[in-house]
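Reviewing the structure listed below.
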There are 2 protein chains.
Amino acid sequence: MTEVARAAGVSVSTVSHVVNGTRLVAPKTRERVQHAMRVLGYQHHPTARSLAAGSNQTIGLAITAASNPYWVELIQGIDGEATRAGLNLIIVDTRDDARHEAAAVANLIAHHIEGLVIAPAVGWRDVTLPLLRDHPIPYVVVDRIDPDLRVDQVGVENEAATAAVVDHLISLGHTRIGMLLGIEGLSTSSERLRGYHAAHQRAGLPVDRALLVDGLSTSDGGRRAAWELLELDRPPTAVFAANNNMTIGALAAFRAAGVKVPRDLAIAAFDDFAWADLFSPGLTTVAQPSAAIGARAVQLLLRRMNDPGAPPQAVRLPAEIMHRESCGCTP
Amino acid sequence: MTEVARAAGVSVSTVSHVVNGTRLVAPKTRERVQHAMRVLGYQHHPTARSLAAGSNQTIGLAITAASNPYWVELIQGIDGEATRAGLNLIIVDTRDDARHEAAAVANLIAHHIEGLVIAPAVGWRDVTLPLLRDHPIPYVVVDRIDPDLRVDQVGVENEAATAAVVDHLISLGHTRIGMLLGIEGLSTSSERLRGYHAAHQRAGLPVDRALLVDGLSTSDGGRRAAWELLELDRPPTAVFAANNNMTIGALAAFRAAGVKVPRDLAIAAFDDFAWADLFSPGLTTVAQPSAAIGARAVQLLLRRMNDPGAPPQAVRLPAEIMHRESCGCTP
DNA sequence: TGGCTTTGCGCAAAGCCTTGCGCAAAGCGA
DNA sequence: TCGCTTTGCGCAAGGCTTTGCGCAAAGCCA
């Protein structure tokens, strides 16, 4: 940098300002500096800049690395928006476990990240949240919104979307609709359940609690829960699965049981699959705008980084219902 | 740090050495320093360390962020191993496009990463590779191995694994085996094709070139290629798809055509699916050790970072064949 | 006890950039 | 032409560690 300054006949501070555009530099001078940089092959040193400026232009993302397409798209959305904003992104794996999550976040904090996007694990309120309170670092929560928390959050309209799909099933004449519930302690799980209830209430339909079975948000749990439903005295005529993993398990169970979809049983599910129309029949799903959620999260984070005192904002993005054949509406 | 030094009655250099264990410090002194650190709540500043040490303990990963489970597992493997080695990982999305890839890699280089793991895009040799030659940064290639290149590489035994599966189909009596080829220009594509040929040669079976159709490595390409096969005068009795996306497309095509698997057509595919046994019937696949490939890549990278002159090494990890029902061997 | 090897630690330079402060020159209106 | 506002840029402090060099104290052997 000193060399460039000398070559251009200016001071290093001017070179710095040319590089960063941080203050007015006469066009002629700027030209000279840029030329000198080119000739000398000057390479900016980001580390030194970070040290000097006390900021490293890096944000962290704490998320489970589970091989779930939903997460991948979310990450893409976050990465894309961060790149656009000129921010680096460091991703750490929480393994969807609060303790790992806390360790990972502590690590990020030690690296002096300037902001954090977190898709919290179950139980994070007792472990990771206190950490975040101690270190006043801007952060935004994605996917799992906690209405009690006064923090920036971005998620999908779980309740409304679920209600809409269940409405649809009810309108097709189903009165006994089973639901595979997501793991307890996740706001997404409870919100989707609320949507189920809301649709029933609107239709004046009673809810048989036997039709609500816990699928633990996993493929295996979904499989087991589906079996439970099938073995009821009065099994459901339709099933709503609250996430993609459970859907996979449930489909396997139905296939094994020889249940034909949608002839014997109508199915709808939360989370869209790239391969949703691969199944026979195509799956009716609720598609989340994953990438948009990620992008929005970064925008909220930027806002908070610039204005730490801003009032917390909880954003809900609408979901899209993908009508395919499994719900039985288009035979 | 200065404060800690003062509080412990030592110099900052001693504090530094205590923190890093870089030279002998008398136990008593170390104790004092550590105590002072605790009392003062000393926080290490990684940025400053990077600047001073001229190294930032960060490696880059250039990979497509496509929502393909294979990549996710690969990333997990890389991330896990990097974390274990105390390295930070910055991931950039190549969009599987050589130009984007080059830009992304340039960006990483500008950030002074100390090593790079790259899953190259088609055409990278003309765009990204020269970049890597200009900046002598240690790197290792994953997934797409180029035998002509004298660089560190990690991949799977594409040829042997493919040959084994095709052997299996042949042993079941199939003599007309279709293949959905991956996009041209990818070593994985050509190696898998070689495996197909090798199996035929071993069995003394001629190869009908009409049975080799281009699936472009995409789901849509796979669908189209599958249709092509079905419309042949003498369609195949078995099909091998060279990656997971094409498999998805092909299955959709077969379903639409009313082809029953494996009764009418046997199927086997490269790349395992978490949901492979969800399909009716379960898919016989070649499972790559994705996480292991990623971990191994980081190990190779560490080796090269420590010993830049070491001879380049190309590692092939064995794949595992997952026998399910689609190949028709267990009716 | 004297000379030599360890052991332990301080000194200070180096690493590269950012930025508040302030000065000088240029521009402008009267 | 004078005084005042802009415009443009230099000075130098600062940010936090690492690390080569070298000195002093301690330990060891004869």
Side-chain angles (χ1 to χ4, degrees), chain A residues 1-38 40-58 86-88 109-114 135 305-306, chain B residues 1-58 86-88 107 109-114 135 305-306:
Chain A
M1 199 167 185
T2 317
E3 283 180 48
V4 172
R6 192 163 35 224
V10 298
S11 73
V12 284
S13 50
T14 298
V15 176
S16 169
H17 286 117
V18 167
V19 170
N20 301 300
T22 26
R23 84 177 173 195
L24 233 55
V25 173
K28 246 174 42 191
T29 315
R30 184 179 21 241
E31 189 72 21
R32 275 212 319 281
V33 172
Q34 282 166 343
H35 180 255
M37 293 198 300
R38 238 170 296 125
L40 295 173
Y42 169 70
Q43 282 257 30
H44 198 66
H45 192 127
T47 311
R49 177 222 287 275
S50 298
L51 180 60
S55 102
N56 56 10
Q57 302 283 91
T58 301
L87 293 172
N88 276 86
I109 290 173
H111 278 281
H112 291 210
I113 52 164
E114 283 162 23
H135 301 261
M305 282 161 57
N306 290 329
Chain B
M1 200 169 184
T2 317
E3 283 180 48
V4 172
R6 193 163 34 223
V10 298
S11 73
V12 284
S13 50
T14 298
V15 176
S16 170
H17 286 119
V18 167
V19 170
N20 301 300
T22 25
R23 84 177 173 197
L24 233 55
V25 174
K28 246 174 42 190
T29 314
R30 183 178 23 239
E31 188 73 20
R32 275 211 320 281
V33 171
Q34 281 165 342
H35 180 254
M37 293 199 301
R38 238 170 296 125
V39 170
L40 296 174
Y42 168 71
Q43 282 256 34
H44 199 65
H45 192 128
T47 310
R49 179 223 285 276
S50 297
L51 180 60
S55 103
N56 56 11
Q57 302 282 92
T58 301
L87 293 173
N88 277 86
N107 196 1
I109 290 173
H111 278 282
H112 289 210
I113 53 164
E114 283 163 23
H135 301 263
M305 281 161 58
N306 290 328

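Since this is a predicted model, take the numbers as computed values, not measurements. Chain identifiers are assigned alphabetically (A, B, ...) following the order of the sequence lines, protein sequences preceding nucleic acid strands; residue numbering begins at 1 within each chain.
A straight line from CD of A:Q57 to P of C:dT18 spans 11 Å, rounded to a whole angstrom. Summarising the geometry, the separation between CE on B:M37 and P on D:dT17 is reported as 11 Å, rounded to the nearest angstrom. For the pair A:R32 CZ and D:dG8 P, the interatomic distance rounds to 13 Å; values are reported in whole Å. The distance between atom CZ of B:R30 and atom C1' of C:dG8, rounded to the nearest whole Å, is 12 Å. Atom-to-atom, NZ of A:K28 to P of C:dA25 comes out at 15 Å; the value is rounded to the nearest Å. C:dC17 atom P lies 10 Å from atom CD of A:Q43, rounded to whole Å. Rounded to whole Å, atom P of C:dC16 lies 11 Å from atom CE of A:M1. Per the geometry, OH belonging to A:Y42 stands 10 Å off P belonging to C:dC16, to the nearest Å.
Residues A:T29 and A:T14 have side chains in contact (heavy-atom distance under 4.5 Å, counting atoms from C-beta outward). Side-chain contact check for B:H35 versus B:R32: every heavy-atom pair is 4.5 Å or farther apart. With a 4.5 Å cut-off on side-chain heavy atoms, B:R23 and B:S13 count as touching.
A heavy atom closer than 4.0 Å to some atom of DNA chain C occurs in A:S13, A:S16, A:H17, A:N20, A:R23, these being the qualifying members of residues 6-26 of chain A.
For the pair B:T47 and A:S50, the tightest heavy-atom approach, listed with the atom from each and the gap, is CG2-CB, 3.3 Å. When all heavy atoms of A:H17 and A:T22 are compared, the pair lying nearest together is CD2-OG1, 2.9 Å. Between B:L40 and B:A7, the shortest heavy-atom contact is CD1-CB, 4.0 Å. Scanning both residues, A:Q43 and B:H135, for their nearest heavy atoms gives NE2-CE1, 3.6 Å.
The side chain of A:H44 lies closest to C:dT18, out of C:dG15, C:dT18, D:dT18.
A close approach under 4.0 Å does occur between a side-chain nitrogen or oxygen of A:R49 and OP1 or OP2 of C:dT18.
Residue A:E3 is out of contact with every strand shown, counting any heavy-atom pair closer than 4.0 Å.
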